[in-house]
A.B. asks: 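Would you mind keeping the following structure in view while I ask a few things?
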Amino acid sequence: MCGIVGYIGKKNAVDIIMSGLHRLEYRGYDSAGVAVIRNGSLDCVKSVGKLVKMDEKLKQNPLDSPLGIGHTRWATHGVPSEVNSHPHFDNDMEIAVVHNGIIENYQELREELKKGGANFRSQTDTETIAHLVRKYYQGDLFAAVKRALQDVEGAYAIGVVCKKNPDVMVAARHGSPLIVGLGDGEAFIASDVPAIMKYTRKVLYIDNGQVCEIRRDGYKIEDLKGNPVTLEVKTVDWDDSAAEKEGYPHFMLKEINQQPDVIKNTLRGRVTEGSDTVQLPDMQVTEQELKDLKKIVIVSCGTAWHAGLVGKYLLEKFAQVPVEVDIASEYRYRDPIVYPNTMVIPVTQSGETADTLEAIRVAKKKGAKVVSIVNVVGSSIARESHGVIYTQAGPEIGVASTKAYTSQITAFALFTIWLGETRGVLSKAQGREMIAHLRAIPDKIQWVLDHQEEVIRCSKDPKYLNAQSALYLGRSYNFPSALEGALKLKEISYIHAEGYGAGEMKHGPIALVTDELPVVCVATKGDTYDKMVSNIQEIRARSGIVLSVATEGDEAIKNHSADVLYIPECYEPFSPIVVAVPLQLFAYYVATNRGCDVDQPRNLAKSVTVE
Ligand code: AGP
């Protein structure tokens, strides 16, 4: 959740740090700080609230220096305050540390360090690292950090500088993301690629248990015991503009509109033009392993969990493998039974979600084969999986996940076709037909994007805009669509919304129906259409307000609905990809009409890297 940026080079570090922290704002934060080494001293500026306040403070108190570290804090231990904001220091203000993660044994470390004379200024777990580095410091900062981290338990990505080592910046990670950017006579550290993309495209993805000493003219990486480590320098191929809004008012709207291209990118390299089969080379799974597969367990959080639910319907129907979908934060603690020939599929945009990462560690320990559906290349979950299916959706900056969701479902569709054919339960002809349906999806999404007038009109209608609560209903492949539509509305407009299987109405939720309750019903053409219409009639009979999502050309649905949002005719198993779009737009426009911060909703962070 926190953002880290550091710089060592020839330019003014603060300019680069602040520019990078602004790029990381989407990660969510409540305070910020910068520390620099200059003229043999360590100087620092901190502030609570948005980064613009830091910008103001730095105008009053410029910290010109070629070496510095900065941080945006999303509080985990200690209330949001200047004293708790990073960087944190040793007693003598010689060593500064920024940190993302949670130090799990910080209380005992704190007590020991206090006995050794450490004077703690803050309530944070991070400050223990600064005092620990001081404890072991004998002139070599790299050595002191390696030794200090041997005492630390928990998750961290850290940047460390020391006023007595003005030519060195040290970085380390265990469990929280951290990259090193390499420039000409300069180097960077950051929590995420967008922070430094405009300065360099050459990055090192530091791995767990690795510490990096960074100088202007080079770097070295070791593990905590001092064993040398070699990492491949990766080239980031995201355009700089990819992390910009490209003229849209919000990242979220930009990313909703990117979806036709995103689905094409997810298909790219998997269903090459003219070919009628699916290739998934990164999965690192043999044909025999696929044929022997007895069970699939999907583990994920939030929107990614909803994508997993769609994956279940697809895999069981067309690949005929039993599928269990579990919330990662439950899976990791319930001591799951993992039989031989079980594949665990974590679904994750960031690849850094703590619960999902721990869930696959549990699964691997129990012998599961882990293949992740993930967006961020080189992310922790990607690196800890046996195989990956990258969604290739590009950076998703908006906290509310949109293009990641539709690309995740597309990835499941690809995997389903490949698995079904490999297991001989899906014919080549069926596979070809399904690939053709997949190829048609981008145009169907584009149709929805080209027909937004109705959803924009509805988003201004007081019966939706001023609702206190909303229900979302769906069936079959679009039961997850209802859950996802509800999550979108609640997390950015703050209107309480619940998603339900429409068949569940009689088992309780129908008691909520009044003439003030909007009920969004996914009633697109499909096997359960008639059942959905019956549910809609039950709601209308109790004066409920029905907003239907339906298939273009379905005029009858208007008789049962207050309003209708249409999607083009669509292959039902893949319809959740298209159904998602009007529901994303509805949530977006309602939220913006309510004056909400759709890119950085209150209390939310883009990547939940702590429990
Ligand atoms: C979705 O709109 C939310 N931002 C959130 O539920 C998110 O999907 C969840 O935290 C999982 O994140 P991940 O895909 O990066 O693992």
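Just so you know, ligand 1 is whichever comes first in the structure, and atom 1 is the first atom listed for that ligand. The structure presented is a predicted model; accordingly, all values stated were derived computationally and were not measured.
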A.B. asks: May I ask you to decide whether Lys50 forms a salt bridge with Glu25, counting only side-chain N to carboxylate O separations under 4.0 Å?
C.D. replies: no
A.B. asks: Counting non-hydrogen protein atoms only, what is the nearest one to atom 10 (O) of ligand 1? Give residue, atom name and distance.
C.D. replies: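 Nearest protein contact, heavy atoms only, for atom 10 (O) of ligand 1 is Val608 CG2, 4.0 Å.
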A.B. asks: Given that the side chain starts at C-beta and the backbone is N, CA, C, O, which of these parts of Lys488 lies under 4.0 Å from ligand 1, counting heavy atoms, or is it both or neither?
C.D. replies: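 For Lys488, the contact with ligand 1 is made by the side chain alone.
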A.B. asks: Which residues satisfy the salt bridge (Lys or Arg N to Asp or Glu O under 4.0 Å) test with Glu330, sequence neighbours excluded?
C.D. replies: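 Glu330 satisfies salt bridge (Lys or Arg N to Asp or Glu O under 4.0 Å) with no residue once adjacent residues are dropped.
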A.B. asks: Can you find a non-hydrogen atom of Val399 under 4.0 Å from ligand 1?
C.D. replies: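 Yes; Val399 lies near enough to ligand 1 that a heavy-atom distance drops under 4.0 Å.
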A.B. asks: For the residue pair His174 and Tyr156, does the interplanar ring angle fall in the parallel (under 30°), tilted (30 to 60°) or perpendicular (over 60°) class?
C.D. replies: tilted
A.B. asks: Just which atoms of ligand 1 are under 4.0 Å from any heavy atom in Gly302?
C.D. replies: 6 (O)
A.B. asks: Less than 4.5 Å apart, side chain to side chain, heavy atoms only: is that true for Tyr405 and Lys488?
C.D. replies: no
A.B. asks: What are the atoms of ligand 1, with element, lying closer than 4.0 Å to any heavy atom of Glu491?
C.D. replies: 1 (C), 2 (O), 3 (C), 4 (N)
A.B. asks: If the cut-off is 4.0 Å to any non-hydrogen atom of Ser401, which atoms of ligand 1 fall inside it?
C.D. replies: 1 (C), 2 (O)
A.B. asks: Anything under 30° is parallel, anything over 60° is perpendicular, the rest tilted; go ahead and classify Tyr199 against Phe188.
C.D. replies: parallel
A.B. asks: Does an N or O from Gln408, backbone or side chain, lie closer than 3.5 Å to an N or O of ligand 1?
C.D. replies: no
A.B. asks: Can you name the atoms of ligand 1, numbered from 1 with element, that are less than 4.0 Å from a heavy atom of Ala400?
C.D. replies: 2 (O)
A.B. asks: Starting from atom 8 (O) of ligand 1, find the nearest protein heavy-atom neighbour and note its residue, name and distance.
C.D. replies: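 Result for atom 8 (O) of ligand 1: Thr303 N, 3.1 Å.
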A.B. asks: Under a 4.0 Å threshold between the charged nitrogen and the carboxylate oxygen, would Lys366 count as salt-bridged to Asp335?
C.D. replies: yes
A.B. asks: What I want to know is whether Ser350 and ligand 1 share at least one N or O pair that is separated by under 3.5 angstrom.
C.D. replies: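 Yes, there is a polar N/O contact under 3.5 Å.
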A.B. asks: Can you list the atoms of ligand 1 that are under 4.0 Å from a heavy atom of Cys301?
C.D. replies: 8 (O), 9 (C), 11 (C)
A.B. asks: Kindly state whether the ring of Tyr571 and the ring of Phe574 have centres lying under 6.0 angstrom apart.
C.D. replies: yes
A.B. asks: Compute the ring centroids of Tyr472 and Tyr500, then answer whether they are less than 6.0 Å apart.
C.D. replies: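 No, too far apart.
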A.B. asks: Could you find the nearest protein heavy atom to atom 14 (O) of ligand 1 and give me its residue, atom name and distance?
C.D. replies: Gln349 N, 2.7 Å
A.B. asks: Between His71 and His86, how do the two ring planes meet: parallel, tilted or perpendicular, split at 30° and 60°?
C.D. replies: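 Ring orientation of His71 relative to His86: parallel.
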A.B. asks: Of the side chain and backbone of Thr353, name the one, both, or neither that has a heavy atom under 4.0 Å from an atom of ligand 1.
C.D. replies: side chain
